[in-house]
Protein chains: 2
Amino acid sequence: MIQTTSEENYLKTIFHHAGLSNNAVTTNDIAASLGTKAASVTEMLKKLSAQKLIRYKKYNGVTLTDSGTKQALLIVRKHRLWEYFLVEKLKFSWDEIHEVAEQLEHIQSETLVERLDTFLEHPRFDPHGDPIPDKKGIIKKSDSQKLIDVTEKKEAIVNLVTDQPELLRYLSKIGISIGSKLKVIEKNSFDQSMLLLINGKSKVHISSSIANNISVQF
Amino acid sequence: MIQTTSEENYLKTIFHHAGLSNNAVTTNDIAASLGTKAASVTEMLKKLSAQKLIRYKKYNGVTLTDSGTKQALLIVRKHRLWEYFLVEKLKFSWDEIHEVAEQLEHIQSETLVERLDTFLEHPRFDPHGDPIPDKKGIIKKSDSQKLIDVTEKKEAIVNLVTDQPELLRYLSKIGISIGSKLKVIEKNSFDQSMLLLINGKSKVHISSSIANNISVQF
DNA sequence: ATATAAATTTAGGCAAACCTAAAAATAATA
DNA sequence: TATTATTTTTAGGTTTGCCTAAATTTATAT
């Protein structure tokens, strides 16, 4: 079941809007994301529907079918593996990779993806911290990671904090608790300390020993 | 000066047919190589001509302009770098790489090519033994390589042999001399010994110490 | 509940890159 | 040099994916 680049982009966009709970996605949202017009979207939705990749009823938005979800996840897999490659091997910076990965994700070759995955030693998260689906399109349950291992720019939710009263007191003072949303703004490669944005509001600098005692999930 | 994938494929095909001496290439030859029809080729030739990538006069075949040649060489560069990557890093075999490299060569990103080149440590020859143009589109004069460094399946011409009478005697006995055409049939990764086809006729097995004392060019 | 606004779909077009069939130019041969 | 054969070009067509403008459906607000 081979798609054109355009079909793949539509599937991916629908997937990103629908989220894992596969909510219905509107024509306009898709058009806005892809920078196309609603009329073009309607046209493509008919094609995808004919291929049973989406469920489409006029004026009603779309949801992905199982088959469509799987296709989308495989594209996401490719995208994220290539991003990992670009950063880890080619030393691209975080903000240069998207455009290139957008192109690489459309290369058609199962063998290529699997060998790339092997070469990269089966990374589980891309450079943004997003999970990489496996070859069956399965995303491992977002189990937690230590904050210290979280990649720059990634948003995460505090999951668990090592039960040390002193630490807990300190964290609550700076506004971090279970459920707090953290965004890693900067990682200092010298001492592994981090600059965080907490709940989209306050910035805080924490040392590696603290980061090492906080677990987060995505 | 960005091309479509199709334009790039036409340029590359013209380049391959024209060779380094830039002979005129016919409409029919291009059509045959690309698996398209002559009428489609004519159409595309007009486009490329308008961009001054080729010199085109009706019924007269085409030649590449300097600008066209440079574009073509940059595509060839990308193709060969990716082939090298596929074989050396992803462990593709020699015969699986072409189709994938055909896709990868069209990824648009100068940065990507240059970082890939750096990552691969500036390889000078692709897995078929063909030279990789540099970022300016220049192919280094095909200077010689040690036979021992020649990649499997590649044909080469004997250039120079270390001046050791004993070696020379042995080589002449097995039919190798300056100007002999050698094809590397097999390289034994254990002891670096090689199985060679000499002048398209006889097969000979040589040890690494001998291969180390023979220079070849392509 | 009805009028207005917003979202979606339909209808008709355009450009790229392909096609077939016919016409024109060039090449080959009696 | 005619005449045939081959190559190349031109003149319409097709498909994909996009567009605008108009029509239709759904949502919102008085």
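- For the side-chain contact (heavy atoms from CB on, under 4.5 Å) test with B:Arg55, the passing option among B:Leu48, B:Val62, B:Asn22 is B:Asn22; the others fail.
- With a 6.0 Å radius and a threshold of 12 heavy atoms from other residues, nucleotides or ligands, A:Gln192 has its CD atom above the threshold.
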Self-check item: Under 4.0 Å protein heavy-atom contact, by nucleotide of nucleotides 16-23 of chain C - B base, S sugar-phosphate only
Solution: SBBBB---

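- Computed from coordinates, the B:Asn60 CG to C:dT26 P distance equals 8 Å when rounded to whole Å.
- With sequence neighbours excluded, no residue satisfies salt bridge (Lys or Arg N to Asp or Glu O under 4.0 Å) with B:Asp29.
- What separates CD of A:Glu8 from C1' of D:dT16 is a distance of 15 Å, to the nearest Å.
- Side-chain N/O atoms of A:Glu7 and A:Gln51 include a donor and acceptor closer than 3.5 Å.
- Inspection of the A:Gln103 and B:Gln108 side chains reveals no N or O donor paired with an N or O acceptor under 3.5 Å.
- Contact annotation: B:Asn28 side-chain N/O to D:dT8 OP1/OP2 distance is under 4.0 Å.
- Taking atom CG on A:Asn9 and atom P on D:dT16, their separation rounds to 17 Å, with Å as the unit.
- Phosphate proximity of C:dA7 to A:Thr26: absent, as no side-chain N or O sits under 4.0 Å from OP1 or OP2.
- The distance between atom NE2 of A:His106 and atom P of D:dT16, rounded to the nearest whole Å, is 18 Å.
- For the pair B:Lys46 and D:dT9, the criterion of a side-chain N or O lying under 4.0 Å from OP1 or OP2 is not met.
- Annotation: A:Tyr84 is not in aromatic contact with A:Phe92 [ring centroid separation under 6.0 Å not met].
- Distances shown here put a side-chain N or O of A:Lys58 below 4.0 Å from the OP1 or OP2 atom of C:dT10.
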